[in-house]
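Following: one structure in structure tokens, then a few remarks.
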Amino acid sequence: QVQLVESGGGLVQAGGSLRLSCAASGRFLSTYVMGWFRQAPGKEREFVAVVGWLGDNTDYADSVKGRFTISRDNAKNMVYLQMNSLKPEDTAVYYCAAGRSVALPRRSRDYTYWGQGTQVTVSA
């Protein structure tokens, strides 16, 4: 069993930055790939970024590539999402997720464990 708790969301002006954190607890956490997803009102949950077991492999949605950076610290059981140059269209609830995969999955169904989410609101 893995438990995930997100933090770091809030209200920020367009062009600003936020750093989301995901605290993980459970066994064998370093064997899970960790992803960030987001869901805006009235829209489906969408993939944002994923990081592999060791933190050296990453993948990003085209909409955030070059602006967001995902990272993990296995010693601290933490996953981060640094978000720069934020846009109003980045407004959503952001979720941390953990899954067992040898690849870097983008589909939400490939993730087993989910956090409760943290709200990010970007004002114009």
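None of the values given here were measured: they were computed from a predicted structure. Start at 1 with the first residue, then count along the sequence.
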Exercise for the section: Evaluate the side-chain proximity of W53 to N74: yes if any heavy-atom separation is below 4.5 Å, no if none is. Expected result: no
Practice task
Walk me through it: do L104 and Y60 pass the test side chain to side chain contact (heavy atoms under 4.5 Å, CB included)?
Solution key: CA-CA 10 Å; L104 297 176; Y60 297 91; over 6 Å; no
Problem - Derivation and outcome, salt bridge (Lys or Arg N to Asp or Glu O under 4.0 Å), residues K65 and D62 - result: CA-CA 5 Å; K65 198 171 295 183; D62 288 344; 3.4 Å; yes
Name each donor-acceptor pair under 3.5 Å that joins a side chain in residues 11-25 to protein atoms two or more places apart or in another chain, with its distance.
unit_1, atom_1, unit_2, atom_2, d
S17, OG, N84, OD1, 2.9

Exercise for the section: State whether D90 and K87 are salt-bridged, where the test is any N-O pair (Lys NZ or Arg NE/NH1/NH2 against Asp/Glu carboxylate O) under 4.0 Å. Expected result: no
Handout entry: Residues, nucleotides or ligands: over 12 heavy atoms within 6.0 Å of Q3 CD
Key = no
Handout entry: T121 OG1 to L86 CG distance, which is reported to the nearest 0.5 Å
Key = 10.5 Å
Would you list the atom pairs, donor with acceptor, under 3.5 Å between side chains in residues 45-52 and any protein atom, with sequence neighbours excluded?
unit_1, atom_1, unit_2, atom_2, d
E46, OE2, R38, NE, 2.6
E46, OE2, R38, NH2, 3.2

Exercise for the section: Identify, with sequence neighbours excluded, every residue that meets ring pair (Phe, Tyr, Trp, His ring centres under 6.0 Å) alongside Y111. Expected result: F37
Exercise for the section: Using a 4.5 Å cut-off on heavy atoms from C-beta on, say whether the side chain of Y113 contacts that of Q1. Expected result: yes
Fill in the blank from the handout: Heavy-atom nearest pair, P105 first then V33, reads CD-CG2, 3.9 Å
Exercise for the section: Let me see the working for V79 and W36 under side chain to side chain contact (heavy atoms under 4.5 Å, CB included), right down to the final yes or no. Expected result: CA-CA 9 Å; V79 182; W36 285 96; 3.6 Å; yes
Problem - Criterion side chain to side chain contact (heavy atoms under 4.5 Å, CB included) on L4 and W114, from CA distance to verdict - result: CA-CA 6 Å; L4 305 171; W114 294 81; 5.5 Å; no
Problem - Flag for T31-R100: side-chain donor and acceptor within less than 3.5 Å - result: yes
Fill in the blank from the handout: Of all heavy-atom pairs linking V2 and A98, the shortest is CG1-CB, 4.5 Å
Completion exercise
What one should report as the nearest heavy-atom pair of C96 and E6 is N-OE2, 2.8 Å
Completion exercise
Heavy-atom closest pair (R72 atom, L29 atom, distance to 0.1 Å) is NH2-O, 3.2 Å
Exercise for the section: Count the heavy atoms of every other residue, nucleotide or ligand shown that sit under 6.0 Å from CD of E44, and state whether that count exceeds 12. Expected result: no
Handout entry: S71 and Q82: CA distance, side-chain angles, deciding distance, side chain to side chain contact (heavy atoms under 4.5 Å, CB included) verdict
Key = CA-CA 8 Å; S71 61; Q82 177 66 43; over 6 Å; no
Exercise for the section: Tell me whether Y94 is reachable from I70 by hopping between hydrophobic residues (I, L, V, M, F, W, Y) whose side-chain heavy atoms are closer than 4.5 Å. Expected result: yes
